[in-house]
Amino acid sequence: MNFGYSYHNTLEEHRGTLDGYANDTLREYATMLSHNPFVTQREAAEWLGISKQDLLDLNTVIRDDEVLQDYIQNSGIGKKYYKNTVLPLFATGKIQASILNEYSYPERIGLYTGFSCMFYCNFCGRNYNEKYDRKLADESFSMFKRMIDEDPRTDWNWRNRFRISGGVEPLTNPLTNRIITHGAEQGYNVQLYTNGYLLSDRYCNDNPGIFDLGALRFSIYGVDDDTTFAVTQNEKAYHTVKENIVNFLNRPELDKTNVGLNYILLPGKTREIYGFLDYIRDIHSRTNGRIAFCTIREDHSQSLVSITNEEREKLIQVLKEVDKICATDPLLKDVHFDYGYALDSLRYNHVSGPLQMVSFKDMVRTGFPQVNVCVDVKSDVYLYHETGFIGRPGADRYIIGNMQDKSLDEVCRAWVESGKTITPRPGDNSYLDAFDHTTSIMINQYRDNIAYGVGLYEGPVNLARHDD
């Protein structure tokens, strides 16, 4: 397991049944867990109508039964959460440290290297009127390089630690490619998320470090000129980005980098996914290299306007058709489609609603720098992925320190050991991305379990830690 793009086949049949188990309560409990990884022990006991001791006894039985573990983790609509986040995070030991308020070096680190952006996307949290001073290029490069050099590299998943992204376009920093190369030379599978607008042949010629990436993901904001302009407000965005992708996939230097696309399904426009397939077909008809993966997501940004359940019902058939098309079309069949937490259940005829998110009242007041932080070109360390957006109102309250004269280890350790907290305000949950929301829910869940009297490893799921 890792947090990069190593995939599991989400289209496997939901394997296993509970026919061999006579205990009705056990069957009901296992089914509950398979569909809701975040049910607390308190809630489970109340729903099942059993005592805490009876629940603990059931937990022991389930935890030691490989068939039940497989069923819980692979047979319900909670499968994506288990596979992508719950089990990997417990394997690292980082979520345990967060739950117990113990220090551990961050599992994920976002390097926010950009200075500005040429798009004005309506869902973006950045302040459109602000940009970073380009004079920070050399200073920030030294800081990012030092961060890589000082990384302890003791975690079993350390190679997948660094992701270059941010609230503004990372390729606007002329030294981003040197950061990539330095990370690769130290053994990291560096990932980069970009809108692709600057990634021209000329850029590749001048910045060969781009080919040292482990993974490169382009964010696609439309399937034609009109839909792309509606989101980005940039008239050249559609054609420029698409041609840059074609040129990049035809570059002879492209060897070890997995190339992917990210596409957002917006409410009322979910059938545009067919246009997205045409987008990929056109690219592959003109390239030697191939797009390895596509992440399809719904928008859970500041507007919080979700796809309705009625539209989700229609999406069930749409996604099934997409799977059939991709299985046979030679221009699509080798592309892995990942639908994320909220959309994946539709492929199994389940309408489970939008992404599970915490309200601002339920945000973890300490944050969880043991799991992830992000660092911008000013050397500020932020708790959440969506807080490192330049000039975003209120986001600076989530800065836990600065790396100009300290290491990241010193900043994060000082924060955790200080016991400091941040009181969230209405709307602050918009600073969390999907991963942040899921992590927050897990921490709250296990803290409640402990308060109820069920220890960290006394629950029903076998939470194995990977120790080197």
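Just the heavy atoms: all of them, side chains too, but no hydrogens, waters or symmetry mates, feed the values below.
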- Do other residues, nucleotides or ligands put more than 12 heavy atoms under 6.0 Å from Glu321 CD? yes
- Message: Ring of Tyr279, cation from Lys242 - is the NZ or CZ under 6.0 Å from the centre and inside 45° of the axis?
- Response: yes
- Proximity of Tyr384 and Phe368 rings by center, below 6.0 Å: yes
- Query: Sub-3.5 Å donor-acceptor pair from the side chain of His35 to the main-chain atoms of Gly76, do we have one?
  - Reply: no
- Message: Any side-chain to backbone donor/acceptor pair from Asp338 onto Thr295? Under 3.5 Å, distance only.
- Response: no
- Message: Donor-acceptor check, side chain of Arg27 to backbone of Tyr21, threshold 3.5 angstrom: yes or no?
- Response: yes
- No-hydrogen, no-angle side-chain donor-acceptor test under 3.5 Å, Gln41 and Asn59: yes
- Item | Whether Arg161 side chain and Val190 backbone form a donor-acceptor pair below 3.5 Å | no
- Item | Residues Glu43 and Thr40: side-chain donor-acceptor under 3.5 angstrom | yes
- Query: Centroid-to-centroid, Tyr382 to Tyr398, below 6.0 Å?
  - Reply: no
- Message: Main chain of His385, side chain of Tyr112: is a donor-acceptor contact present, judged purely on distance under 3.5 Å?
- Response: yes
- For this output row, return yes or no: ring centroids of Trp158 and Tyr105 closer than 6.0 angstrom. no
- Query: Has the side chain of Asp376 got a donor or acceptor atom that lies under 3.5 Å from a matching backbone atom of Ile390?
  - Reply: no
- Query: Under the salt bridge (charged side-chain N to carboxylate O under 4.0 Å, His left out) criterion, do Lys79 and Asp344 qualify, and how do the steps go?
  - Reply: CA-CA 9 Å; Lys79 175 179 181 178; Asp344 192 63; over 6 Å; no
- Pair Arg413 + Asp409: basic N to acidic O under 4.0 Å: yes
- So Phe276 and Tyr263, would you call those rings parallel, tilted or perpendicular, with 30° and 60° as cut-offs? parallel
- Does any N or O in the side chain of Arg217 come within less than 3.5 Å of the main-chain N or O of Phe293, such that one atom is a donor and the other an acceptor? no
- Would the Tyr446 and Phe90 ring centres measure less than 6.0 Å apart? yes
- Glu458 (side chain) donor-acceptor with Leu56 (main chain) under 3.5 angstrom: no
- Item | Single hit among Lys324, His284, Arg281 for side-chain hydrogen bond (donor to acceptor under 3.5 Å, both in side chains) with Asp329 | Arg281
- Task: Determine the interplanar angle of the Phe248 and Phe218 rings, folded into 0 to 90°, and report it as parallel if under 30°, tilted if 30 to 60°, perpendicular if over 60°.
- Result: perpendicular
- Item | Side-chain donor or acceptor of Gln370 paired with backbone N/O of Glu102 under 3.5 Å | yes
